[in-house]
Amino acid sequence: MRTYGAEETGAAQRKPAGIAGALRQMLGMREVGLIAIILLLFIVMSFASPYFLTWVNMRAMAMAFAVEGIVVVGMTILLISGGIDLSVGSVTALAMVIAGLLFLAGFDPWTASAISILACLAIGAAMGFFVTRIGLHHFIVSLAVMVIARGICLLGTGGRPLGLYTLPPEFKFIGQGSLGVVPVVIVIFVVVVIAFDFMLRKTTMFRKVFYTGSNEKAAAYSGIRTKKVVFLTTTLCSGLCGVAGIIYMARFGSAQPTFGMGMELNVIAAAVIGGASLSGGVGTIFGAILGAILLSVVSSSLALLDVSVYWQDIIRGSILLAAVTIDHFINKRRKQRV
Amino acid sequence: MRTYGAEETGAAQRKPAGIAGALRQMLGMREVGLIAIILLLFIVMSFASPYFLTWVNMRAMAMAFAVEGIVVVGMTILLISGGIDLSVGSVTALAMVIAGLLFLAGFDPWTASAISILACLAIGAAMGFFVTRIGLHHFIVSLAVMVIARGICLLGTGGRPLGLYTLPPEFKFIGQGSLGVVPVVIVIFVVVVIAFDFMLRKTTMFRKVFYTGSNEKAAAYSGIRTKKVVFLTTTLCSGLCGVAGIIYMARFGSAQPTFGMGMELNVIAAAVIGGASLSGGVGTIFGAILGAILLSVVSSSLALLDVSVYWQDIIRGSILLAAVTIDHFINKRRKQRV
Amino acid sequence: NSKFQCEPGETYIMNVMVSAHPYWVPVYQGFKQAAEAMGCETIFSGTPDYDITKQIASFEQDLVKQPAGILLHPMQSDPFIEPINRAIESGVDVVTFAADSPKSKRTAYITSDNLAEARFAAEEIVKQVGDSAEYAVLENPGQSNHDLRVTALIAYMEQNYPNMKLVGRQATNQDTSAAYRATASILQANPNLAAIWIPEAGSAEGAVAAILEAKAKVLIMHADITPTTLEHIKAGNIHMALNPNQGVQGFMGFIATYLAAHPDMFDPFNDYKVSGYNPMQIPFIDNGFAVITKENADSFDLNKYMEGRDPN
Amino acid sequence: MKTTMENDLVLKLSGVSKSFGPVQALRGVDFDLRRGEIHAIAGENGAGKSTLMNIVDGIIRPDSGEIYIDDELVEITSPAVAQRLGIGLVHQEIALCPDVSVAENICMCATSISRSLLMDFRAIEAKAKAALGTLCDVPPTALVRDLSISQQQLVEIAKALTLDCRVLILDEPTAALTEREAKILFGIMRRLADQGISIIYITHRMAEIFENCDRVTVFRDGQYVMTRDIREITPGDVVAAMVGRVIDNLYPAKLAAHERSDEVILAVRNLTDRARYRNVTFDLKKGEILGLAGLIGAGRSEIARGICRLEGETSGEVELYGRALRLRHYRDSIDHGIVYLSEDRKGDGIFLDMSIAANVSALSLELVATRFGIVDERREQDLATRLGRSLNLRYGDIRQAASALSGGNQQKVAIAKMLSVNPKVIFLDEPTRGVDVGAKAEIHRILRALAQDGVGILVISSELPELIGLCDRVLVVREGEITGEVAGDRMTENNIMYLASIEAGRAATA
Ligand SMILES: Nc1ncnc2c1ncn2[C@@H]1O[C@H](COP(=O)(O)OP(=O)(O)OP(=O)(O)O)[C@@H](O)[C@H]1O
Ligand SMILES: Nc1ncnc2c1ncn2[C@@H]1O[C@H](COP(=O)(O)OP(=O)(O)OP(=O)(O)O)[C@@H](O)[C@H]1O
Ligand SMILES: [Mg+2]
Ligand SMILES: [Mg+2]
C-alpha cells in the first residue's frame with residue numbers, strides 16, 4: 001500500500017510557554033484540519049436543522065459512536081504497530097454471545113463478562129500467534145478469524161438473538177445508565193480514549209509500538225522484541241472488542257449474533273481519516289476518534305435532514321472524499337508553515 | 001502492514017531443458033503449495049461425495065468463480081502496483097445498473113455495455129486521480145467510491161433490481177450460452193486470465209507495475225512514470241469490474257443494485273492466498289486464480305456435503321487458515337531446497 | 001371535524017433499517033396514502049446500513065422532531081426495548097411492523113404471518129410434487145422472518161408429511177451468487193430434487209439461474225418478489241411467490257400509529273385507566289399475503305406501480 | 001589533465017537555490033563540469049551535495065537557478081527527462097526494487113524507455129552480467145532483497161554503468177565498498193572518462209579524491225566555496241575549505257605499550273553458524289579497539305550479528321568478563337551491555353518517519369523515562385541534543401523527522417543511538433559510512449575515549465586506512481573464517497589484503 005504524502009509521528013511535542021504558544025502548538029497538531037472540518041459541519045448543520053444543536057441529538061450522536069470508538073482505539077494501536085484486524089465486528093458479536101450464553105447458563109453477569117473478555121483476548125492471542133510465529137499476514141489471518149468467529153456466534157445461538165431481560169439493573173447500568181446527565185457509556189468511552197491516548201503518547205511501552213510499526217527491523221536492532229509487540233497489540237485490539245461487546249450487551253439487554261457486520265471498514269476508515277498509516281508507525285488515538293466522530297456526524301446529519309435514502313450514500317461518500325482531501329491540503333500547508 | 005515471510009516476484013524464470021527440468025521448474029514455482037492443497041481437497045471430496053467429480057459439478061463450480069475471477073485479475077495487478085480497491089463490488093453492481101438502465105431506455109445492449117464499461121473506467125480514472133495527483137491513500141479513496149457507487153446504484157434503480165427479460169438471446173449468450181460443452185463465461189474467463197498472466201510476466205508495460213509496487217522511489221529514479229502506472233492499474237481494475245458486471249447481467253438477466261456487497265474481501269483474499277503482497281511488488285495472476293479456486297471449491301464442497309449452515313462458517317474459516325499455513329510452510333521448504 | 005383528522009403539522013415517521021431496500025417502498029406508499037386521507041404529514045427515516053446502533057441513533061433523532069408517532073421496523077427486538085419505552089415516556093407513540101419488539105411498551109404490531117406463509121408453501125409443494133419427494137431450502141440465518149419461514153415449513157413437513165425428505169439446507173444470505181453456487185451443489189448431490197423453498201427473492205434469482213443451467217425440473221417457490229423473479233414466474237421458471245401485502249402493512253400501520261397517538265378517542269371496557277397503558281393496544285395485526293402466479297403476475301410490477309408516485 | 005577540453009563544458013549550474021521549509025539547503029550555487037573529467041565534490045554532511053545532484057537528476061525542483069547542458073538552458077522535471085539528457089545518478093541511499101531480480105534492476109532504466117512490447121529476459125541477463133562483470137559475482141537472477149547491503153551498492157553501480165550517459169554522477173558509491181571493489185570502480189571510471197564521459201564523484205574519503213579525480217569543488221553550508229585543479233591543492237586545503245578550520249590529527253593516538261591490558265572483556269570461542277561462518281575464536285581486551293577486516297561477503301557483519309543474537313543459529317561460547325553468557329535475544333545482549341550498530345542505516349538503523357529525539361532514545365527508553373515508564377520529553381530531547389552536539393549533527397529541530405536529514409547526519413543519529421546507552425561492548429559495522437572528515441575524527445576520538453574507559457570496541461570497516469589508523473589489532477575474515485591477525489607494524493594494507501584474499505586461502509590449503 002502507498003501514501004504519497006509522508007506523515008509525522010504522534011510523539012508529543014515540547015510545549016512553548018504562554019497562551020500564544022499553546023495556540024501555536026494546537027495549530028501545529030496534525031488533527032487541526034479534522035477539527036476544522038468537524039466544526040464547519042457543526043456550523044452548517046446548526047443552520048440547516050433546528051434540532052441539530054439539541055442535547056438529545058448530541059446525546060444520540062455520541063451514543064452512536066461511543067462503543068465503536070473503543071474498538072477504534074484498539075484498531076489504531078494495531079495499525080500503528082503495522083497490523084490490521086478485519087475480525088473486529090465478529091469478535092465484538094462473539095463477546096456478546098459468549099457472555100450471554102454464560103449468563104443464561106447461570107453465571108452472574110460480571111463473571112460471564114470477564115470470561116468473555118478473556119476469550120476475546122485468547123482469540124487475539126491466537127491471531128498474534130499465527131502472525132508472529134507462523135509468519136502469515138494480519139489481513140488473511142484476521143479474515144479467517146472473522147469468518148470463524150461469526151460461525152461460532154451462529155452455532156452458539158442458532159442464529160437467533162439471545163434475550164437477556166433478567167440482567168440485573170446494576171449491570172444494565174453500564175449500558176443504559178447515566179451519571180448525572182452523561183450516559184455511562186460515554187463516560188467509559190472518554191476514559192478509555194484519554195487513558196490510551198496518554199499512554200500512547202507518553203509511555204515507553206507504547207513508544208515501542210511506534211518503533212515497531214515505523215521500521216520493524218530497526219526496532220529489532222534496537223533491542224525491541226517486535227514480535228512480542230505485535231502479538232500484544234493484536235491481543236489488545238481483540239480485548240477491546242470484547243469490552244465493546246460487553247457494553248453493547250448491557251446497552252441492548254441482548255446478545256446479537258449478527259452484530260457488527262461490516263464494522264471493520266468503518267473502524268479502519270476512522271483511524272485512517274484520523275491520520276493513521278496503513279503501513280504502520282504513524283497515528284494518534286485523538287485523530288482516530290475525530291475520524292470516527294466525523295463519520296458518525298455525517299451519517300446522523302443526513303438522517304436528521306431527511307435526505308432521501310437514495311441520495312444518502314452518494315452524499316456520505318462525497319463528504320468523506322472531500323474531507324480527506326481538504327484535510328490533506330490543510331496538513332500540507334501547516335507543515336510548510338511550521 | 002507486514003509480512004514476516006519474504007515472497008518472490010512473478011518474474012518469469014529461464015526454462016531448464018527437458019522434462020525433468022520442466023518438472024523441477026514446476027516444483028520451483030510459488031504456486032506449487034496451493035496446487036497441492038487444491039488437489040488434496042479434490043481427492044478428499046471425490047471420496048466424500050460421488051457427485052463431486054462429475055462434469056456437471058465441475059462446470060457448476062467453475063461457473064461460480066469465473067466472473068469474480070475477472071475482478072481478481074484486476075485486483076491482483078492493482079495490488080502488485082501497491083494499491084488496493086475496496087470498491088470492486090459496488091462498481092460491478094454499477095456496471096450492471098448503468099447498462100441495464102441504458103438498455104431499458106432503448107439502447108441496444110452492446111452499446112449499453114460499452115458505455116457502462118467506459119463509465120467504470122472513468123470511475124477508476126477518478127480514483128487514480130485522487131491517489132496519484134492529490135496524494136490520498138487507495139484505501140480511503142476506494143472506500144469513498146464504494147459508498148458513492150452503491151449510492152448511484154440505489155438512486156438509479158430506487159433500490160429495485162431491474163428485470164432485463166427482453167435482452168436479446170445473442171447477448172444473453174455471453175452469460176448463459178456454451179461453446180460446445182464449455183460455457184462462454186468460462187471461455188471468457190480463461191482468455192482473460194491467460195492474456196493478463198502472459199502480459200504480466202512478459203511485457204515491459206506490466207513489468208513496470210512490479211517495479212512501481214516493489215519500490216516506487218527506485219522505479220521513479222529509473223525514469224518510470226510511477227504515477228501513471230498506478231493511475232493505469234487503478235483504472236484497469238475498475239474496467240475489469242465493468243466487464244464482470246456486464247457478464248453477470250447477461251447471466252442473471254437482471255441488474256441488481258445490491259450486488260457484490262462484501263465482494264472486495266473475497267477478491268483481496270484470493271489474491272493474497274495466491275501470493276500477492278499487500279505492500280506491493282509481488283504477486284501472480286495464476287496464483288490469485290488458484291486462491292479464488294480454493295475459496296470457491298471449499299464453499300461448493302460444503303454445500304455439496306450439506307454441512308449444517310451453523311458449521312459452515314467455522315469450517316470455511318478454518319480451512320482458509322489451514323491452507324495459508326500449509327502453503328506458507330511448503331513455500332518455506334521449497335525455497336530452502338531450490 | 002372528524003376525530004380521524006390530524007392537527008396542522010401533525011407528523012408521523014416511518015423508521016426502517018437498510019432503508020434503500022425496495023421492500024419498504026410499497027409499505028411507505030400505504031403509510032402515505034393513509035396519512036393523506038387523514039391530513040397528516042409523513043417522514044421516511046432510518047438508516048441505509050445494516051447496523052443496529054445507527055438505526056437506534058436515527059430513531060432517537062426522530063424523537064427530537066417531536067412527531068406524534070413512529071411506525072418502526074426494529075432491526076433487532078431487544079436493543080429497542082429501552083429506546084421505545086423512552087420514546088413513549090416522552091409522548092411519542094410507537095407501533096412496530098414486520099419485526100417486533102414484544103418486550104417493549106409499543107402499542108401495536110403489524111406483520112404478515114410467516115407461519116401461515118410457510119404452511120401455505122408446504123401444502124402447495126406437496127400438492128405439486130406429491131407427499132414423498134425430496135426438497136431443499138435456502139436460508140438467511142439471523143433474520144427472524146426469513147428464519148421463521150424456513151423453520152416453520154420444515155417443521156410442518158416433518159409433522160404432516162413425514163415422507164417428504166429435506167435433502168439440502170444452505171445459507172445464502174440474500175446473495176444471488178451464493179445462492180447460485182449453493183443451488184448448483186444441491187442439485188449435484190441430489191439429482192431427484194423435486195422442490196426448493198426460498199424465504200426471499202434475492203436468493204431465488206440465483207437459484208433459478210442454477211436450475212435453468214442444469215436443465216433440471218425443480219419446483220421453485222419463494223417469498224417476496226423482484227422484477228426478475230416476476231419475469232421468471234411469467235415464464236414458468238418459478239412456480240409461485242408469496243408476497244406480504246406491503247401496502248396494507250403500511251396503511252394499517254399508519255392507522256394503528258394514529259390511534260396510538262390519539263388514545264383519548266376511545267374509552268374501552270377494561271382497566272386502562274388504573275394500569276396506565278394505552279387503550280389502543282393491538283397485540284397483532286395480520287396484513288396477509290398475496291400469491292403471485294403466472295396469471296396475476298402483471299399486477300405485481302413495482303416499477304409500474306411507482307410510475308408517477310413519489311418514493312419519499 | 002585534458003587541457004584540450006578545458007572549455008568544453010557539458011554541464012553548468014548557476015545560482016541554484018533550494019530550501020526545505022526553514023532549512024536553506026543550497027544558496028545560489030554555481031558549478032561546471034567539463035567533458036571527460038572526473039570532478040570530485042567535497043563538503044561536510046548536510047552541505048547540500050546530494051540535494052544539488054537530485055536537482056540535476058530532476059528528483060527535486062530548485063527554487064531558483066539555471067541548468068545548462070552543452071550551453072543550452074534546460075529544465076529537468078523528472079529522472080526520465082534527465083535520462084533523456086544523458087544524465088545518470090547513483091544515489092547515496094540505495095534505491096532498488098527488492099522483489100525484482102538483479103538483472104531487471106540493472107536494466108530498469110532501459111526498460112522504462114524501451115519501445116518493445118515484450119521483455120527480453122535473455123538480453124537483460126546478458127547485459128546485467130556484462131555490467132556486473134568485473135565488479136562482483138552476484139548472480140543476475142538473484143532477488144535484490146537477498147543481497148547484502150554492499151552487494152546492493154555494487155548493483156547500483158552496475159545499473160549506472162549500463163546507462164548510455166554523458167554525465168555520470170556517483171554519490172558516495174564507495175561508502176560500503178572495500179578497497180578491491182573501489183579499485184575496480186576507479187578503473188572503470190577512468191576508462192569512461194577517457195571515452196569522453198564526465199563524472200561527478202562525491203566522497204568523504206580524501207585519498208580517493210586525490211588519487212582518482214581531476215578537479216574538486218567544495219561546498220559549505222549550502223554555499224559554493226571553490227573549484228580547484230587537483231594538482232594545485234592539498235588534502236589539508238580541501239578539508240580546511242570544507243570545515244572552515246584546520247583539522248590536524250585525523251586519528252587519535254593508539255594504546256601505548258604500557259597501557260596494554262591482558263584483561264579480556266569479551267571472549268568468543270568456536271562460534272559457528274552452519275552456512276555462514278565456522279570456529280570463530282577471538283578475545284576483545286580491555287582498552288583496545290579491535291578491527292575486523294575482509295572482503296565483501298566475507299561474513300564480518302554476520303559474525304557480529306551472531307554474537308549479539310540478532311540472527312542465525314549459532315553454536316559456541318561467548319564470555320563477558322569471564323562469565324559465560326547465555327543470550328537468547330538481542331534484548332538479552334543489550335541487557336548485558338553488548339550493542340550492535342548496523343551497516344544498513346536505512347534498512348535497520350533508523351526510523352525515518354520518527355523524530356530525531358525518538359530515534360536517539362530507541363535503545364535507551366529507560367534512560368529518558370520516569371520510574372513509571374512515562375517518557376520525559378525534555379530529557380529525551382536533551383539527550384539527543386547533547387549527543388548530536390558531540391557528533392556535530394546538523395538539524396533544524398530535534399523534533400523533526402529523521403528523513404529530513406542528509407545521509408551522513410542520519411548515520412550520526414544511528415551512532416548517537418548506540419552511544420546513548422552505556423555499553424560494555426560495542427560492535428560498529430561501518431560506523432563512519434558517509435560521515436564527513438570532521439565528524440569522522442570526532443567519532444574516532446569518542447571511540448578511543450570509550451576504549452580508555454574500559455568499553456570493548458570492535459569495528460568492522462571496509463575502509464582499510466580507517467582500520468589501520470584507528471585499531472590496535474585487526475582480525476581478518478575470509479569466507480567465514482578468521483584467517484589471521486595483524487597488529488603493530490604488521491598492520492599494513494598489503495598484509496590485510498593478502499590475508500583476506502583468495503591467494504591466502506590457496507596458500508593455506510596447499
Ligand atoms: N527532504 C528534506 N526535508 C528537509 N530538509 C532536507 C531534506 N533533504 C535534505 N534536507 C536538508 O538539506 C541539507 C542538505 O542535505 P544534503 O542531503 O544535500 O547533504 P549532503 O551534502 O548530501 O550531506 P551528506 O554528506 O551527509 O550526504 C541538510 O541540512 C538536510 O537536513
Ligand atoms: N539475507 C541474506 N540472505 C542470504 N544471504 C545473505 C543474506 N545476508 C547476507 N548474505 C550472504 O552472507 C554472506 C556474508 O555476508 P556479510 O554481510 O556478513 O558479509 P560482510 O563481510 O559483512 O560483507 P559486507 O557487509 O561488506 O557485504 C554474503 O555472501 C552474503 O551474500
Ligand atoms: Mg548526501
Ligand atoms: Mg558487512
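The shown structure was predicted, so the numbers you read here are calculated from the model rather than taken from an experiment. The chains referred to below are lettered A, B, ... by the order of the sequence lines, with proteins before strands, and numbering in each begins at 1.
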Check your understanding: Is any NZ, NE, NH1 or NH2 atom of the basic residue among Arg276(D) and Glu311(D) found under 4.0 Å from an Asp or Glu carboxylate oxygen of the other?
Key -> yes

Revision key, fill the gap. Whatever's closer than 4.5 Å to a heavy atom in chain A on Asp332(D) counts as side chain

Review point. Salt bridge check: are Arg378(D) and Asp382(D) linked by an N-O gap of less than 4.0 Å?
Key: no

**Study point:** Residue selection (most heavy-atom pairs with chain A, distance under 4.5 Å) from Met418(D), Glu366(D), His329(D)
**Key:** His329(D)

Check your understanding: Given that the side chain runs from C-beta out, which part of Lys346(D) has a heavy atom under 4.5 Å from chain A: side chain, backbone, both or neither?
Key -> backbone

Review point. Which of the residues Ser333(D), Ala414(D), Cys308(D), Gly347(D) is involved in the greatest number of heavy-atom pairs with chain A at under 4.5 angstrom?
Key: Gly347(D)

Check your understanding: Quick one: does Glu430(D)'s side chain get under 4.5 Å of Ser461(D)'s, heavy atoms only?
Key -> yes

Practice item. With a 4.5 Å cut-off on heavy-atom pairs, point out which of Arg225(A), Met205(A), Lys208(A) contacts chain D the most. Key: Arg225(A)

Practice item. Might you work through the side chain to side chain donor-acceptor pair (under 3.5 Å) test for Arg309(D) and Thr314(D), ending with a clear yes or no? Key: CA-CA 8 Å; Arg309(D) 306 299 305 123; Thr314(D) 57; 3.2 Å; yes

Review point. Checking Leu310(D) against chain A: side chain, backbone, both or neither under 4.5 Å from a heavy atom?
Key: side chain

Revision key, fill the gap. Applying a strict 4.5 Å limit to non-hydrogen atoms, the region of Ser361(D) in contact with chain A is both

Review point. Any side-chain heavy atom of Tyr330(D) sitting closer than 4.5 Å to one from Val339(D)?
Key: yes

Exercise for review: Assess Lys227(A) against Phe231(A): is NZ or CZ under 6.0 Å from the centre of the six-membered ring, and within 45 degrees of the ring's axis?
Suggested key: no

Practice item. Measure Phe206(A) against the heavy atoms of chain D and call it side chain, backbone, both or neither at under 4.5 Å. Key: neither

